[in-house]
Protein chains: 2
Amino acid sequence: MTGRFKPRLAPRPLDSVLRRLRSLSGLSEAEQDLVRNLSERRERHAAGDELIAEGQTGRRARFVVSGWACNQRVLPDGRRQIFSFLVPGDVFGLCERPAPPALSSVVALTALETVEAEPVVEAAQSGEAPGLARALAVARLLDQGLLFDHMVRLGRQTAYERVAHFLLELQRRLEQAGLGDSQRFPLPLTQEILADALGLSIVHVNRTLQQLRRERLIELRSGVAILLQPELLAGIADYRPTSLGRVPPAARTDRRPA
Amino acid sequence: MTGRFKPRLAPRPLDSVLRRLRSLSGLSEAEQDLVRNLSERRERHAAGDELIAEGQTGRRARFVVSGWACNQRVLPDGRRQIFSFLVPGDVFGLCERPAPPALSSVVALTALETVEAEPVVEAAQSGEAPGLARALAVARLLDQGLLFDHMVRLGRQTAYERVAHFLLELQRRLEQAGLGDSQRFPLPLTQEILADALGLSIVHVNRTLQQLRRERLIELRSGVAILLQPELLAGIADYRPTSLGRVPPAARTDRRPA
DNA sequence: CGGGGGTTTGACGAACGTCAATCGGGGTGG
DNA sequence: CCACCCCGATTGACGTTCGTCAAACCCCCG
């Protein structure tokens, strides 16, 4: 139990979902209402809970409403690799029916709230909610892009670059979900989790963070990250945000910039 | 010009495409004929040619008929990361219309032949070729799985494990395409390419291959790889092939193993 | 006051990268 | 046919990055 009472009826908690989807595509009022009325089938999980197991088949799409989760795989000897993080507003478990075996497991990293996304998925597929359909398609595409970014980090960047690049990515995503500003955002991850995402040891993550702090590029305190000099960080990490947000409704292929 | 004459009309060249698709889903005779008649819009490329540029939007799906290509990104300072390899039978450039900006570029690694896959894609989407639709869906899923496998290699495996794991993966894929047997397969990749895929330096790739050779686990000669002890390799690399090939036509979700 | 998870630090070693030289084979022009 | 050349493979020497081990520290909580 958390100490503070949270009203259950208000549309508030779905804010980040709505905000996220709107940042991906224009939505009609009806579409926005559909999202706001998703409050059914809400689920709460504790840190460490496995929401989807690798190989599981019966799953349904869900939105993260609050808290963080991740996609990961664990090797038999205990090593683990985190593929991606899920923050409020993100969708997961999205795929065609019947759902094929999951390729990775989804695990809660903090206390986590999710809601079933199927009403949105169905409205999108049936053609009655083209804005939502576009938003989901763009979300899928951006996820794929984040995976590639992560692979570049793992394969071709130093620990220093990896951490800087990763923090910039989180800043951008969380700002989009309405959970941070252009410099400051919540970061409820242990260094062990960071290590398993970035392909490093805990100790090395720690040292790298120390270095970034010493150089006055970042601050980390009690679950909040502050990027003191985002532009400098972006130069260090060669960070270039994928800018395909807001795809125009009807893309023309015959146009090109002079 | 290659010295040997190749007949252009025979269905032979599309063998690997057909074989691959059949390994993913049962196909009706009509569906198989559709694939066999794809010979139009054949294209030839030389090693190094860029088939799809990162960010490019107008592309169409194609099958690789012969030769190898890869998905990759290049950093401004010249470092590059290869995300995946495309071998005969593989499809690439597959996505909804209008095609969003490509998230990675596709580059020919050897002399390469491709054919347009759109007829197959359209038949699959229209519902008239459910077998092909399933095959394409499974192909997408397997590709995603390969990406995860690759990420585990990059983030959590040693050079030795990475190389072993990667070779096992290639063996399996190429055997499926009809291009190798349970131990032997073509490997027309330079050590530089391997390095850029596996997140290692050329020199270290070389040393790792030397070690695997010394230990009589593999042989490499003139573009052909031989896995002398696949089981041992699989143990070293914790290689577990994703076995979801041949998805049953109508999956039941209410069954579970006792 | 004690305990436990997460963080920090130091010492040390192994894995991997860099630099540079050499080797080797296939293609090419004389 | 042969000399040359170029790209890729190979090897050695050396430096750096990063991992491991272990201890201390810190803070929140019971």
Side-chain angles (χ1 to χ4, degrees), chain A residues 1-3 46-48 68 75 77-81 109-111 153-166 186-215 218-225 236-237, chain B residues 1-4 46-48 68 75 77-81 109-111 153-166 186-214 218-225 236-237:
Chain A
M1 289 286 165
T2 61
W68 290 46
L75 304 195
D77 63 0
R79 286 179 287 186
R80 86 163 159 178
Q81 178 63 48
L109 298 172
T110 67
R153 284 194 288 256
L154 292 175
R156 281 299 179 232
Q157 291 196 297
T158 65
Y160 189 66
E161 294 168 325
R162 271 181 237 188
V163 172
H165 195 279
F166 176 70
L187 186 68
L189 305 179
T190 66
Q191 296 183 359
E192 178 174 15
I193 293 173
L194 289 176
D196 284 340
L198 297 174
L200 300 168
S201 66
I202 302 178
V203 173
H204 203 67
V205 165
N206 184 288
R207 286 192 228 278
T208 307
L209 289 173
Q210 299 299 338
Q211 186 182 349
L212 287 167
R213 279 197 273 231
R214 267 199 313 276
E215 295 168 343
I218 68 169
E219 275 184 24
L220 279 184
R221 291 191 327 261
S222 60
V224 174
I236 287 167
Chain B
M1 287 287 164
T2 61
R4 217 151 44 98
W68 289 46
L75 305 195
D77 65 359
R79 285 179 286 186
R80 86 164 160 178
Q81 178 63 47
L109 297 172
T110 68
R153 283 194 289 255
L154 292 175
R156 281 299 180 231
Q157 291 196 297
T158 66
Y160 190 66
E161 294 168 325
R162 269 181 238 188
V163 172
H165 196 280
F166 176 70
L187 186 68
L189 305 179
T190 66
Q191 296 184 355
E192 178 174 15
I193 293 172
L194 289 176
D196 285 341
L198 297 174
L200 300 168
S201 67
I202 302 178
V203 173
H204 203 68
V205 165
N206 184 288
R207 287 193 228 277
T208 307
L209 288 173
Q210 298 300 336
Q211 187 183 348
L212 288 166
R213 278 199 274 232
R214 266 199 313 277
I218 67 168
E219 275 184 24
L220 280 183
R221 292 190 326 260
S222 59
V224 174
I236 288 167

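To find a chain, count down the sequence lines: A is the first, B the second, and so on, and within it residues start at 1.
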Nearest 0.5 Å, please: how far is CG in B:Leu209 from CG in B:Leu220? 5.5 Å
Interatomic distance, CG@A:Leu194 vs CG@A:Leu200, rounded to 0.5 Å, equals 9.5 Å
Please confirm whether any donor atom in the side chain of B:Arg207 sits under 3.5 Å from an acceptor in the base of C:dT18, or the reverse. yes
Test salt bridge (charged side-chain N to carboxylate O under 4.0 Å, His left out) on A:Asp196 and B:Arg156; report intermediate values, then the result. CA-CA 8 Å; A:Asp196 284 340; B:Arg156 281 299 180 231; 2.8 Å; yes
5' precedence on DNA chain C between B:Leu200 and A:Leu189 (nearest-nucleotide basis): A:Leu189
Please work out if A:Gly223 contacts a base, only the sugar-phosphate, or nothing of the nucleic acid, heavy-atom cut-off 4.0 Å. nothing
Between C1' of C:dT8 and CG of A:Leu220, the distance in whole Å: 14 Å
Ignoring backbone atoms, establish whether A:Arg213 has a side-chain N or O less than 4.0 Å from OP1 or OP2 of C:dT8. yes
What is the distance, rounded to the nearest whole Å, between atom CG of A:Leu194 and atom C1' of C:dG6? 12 Å
Side-chain N,O (A:Gln191) to OP1/OP2 (C:dT8) below 4.0 Å: yes
What nucleic acid atoms does A:Thr190 come within less than 4.0 Å of, heavy atoms only: base, sugar-phosphate, or nothing? sugar-phosphate
Could you tell me the separation between the CD1 atom of A:Ile202 and the P atom of D:dC18, rounded to a whole number of Å? 16 Å
Assess whether a salt bridge exists between B:Glu219 and B:Arg221, defined as any Lys/Arg side-chain N lying under 4.0 Å from an Asp/Glu carboxylate O. yes
Distance below 4.0 Å between A:Asn206 side-chain N/O and C:dT8 OP1 or OP2: yes
From CG of A:Leu209 over to P of C:dT8, roughly how many Å is that when rounded to an integer? 8 Å
To the nearest angstrom, the CD-P distance between A:Gln210 and D:dC25 comes to 16 Å
Here the distance between atom P of C:dT7 and atom CZ of A:Arg221, to the nearest Å, is 16 Å
Rounded to whole Å, the CG-P distance (B:Leu198 to C:dC16) equals 11 Å
Residues A:Arg80 and A:Glu192 bridged, charged N to O under 4.0 Å: no
Please give, in whole Å, the distance from D:dG19 C1' to A:Arg162 CZ? 12 Å
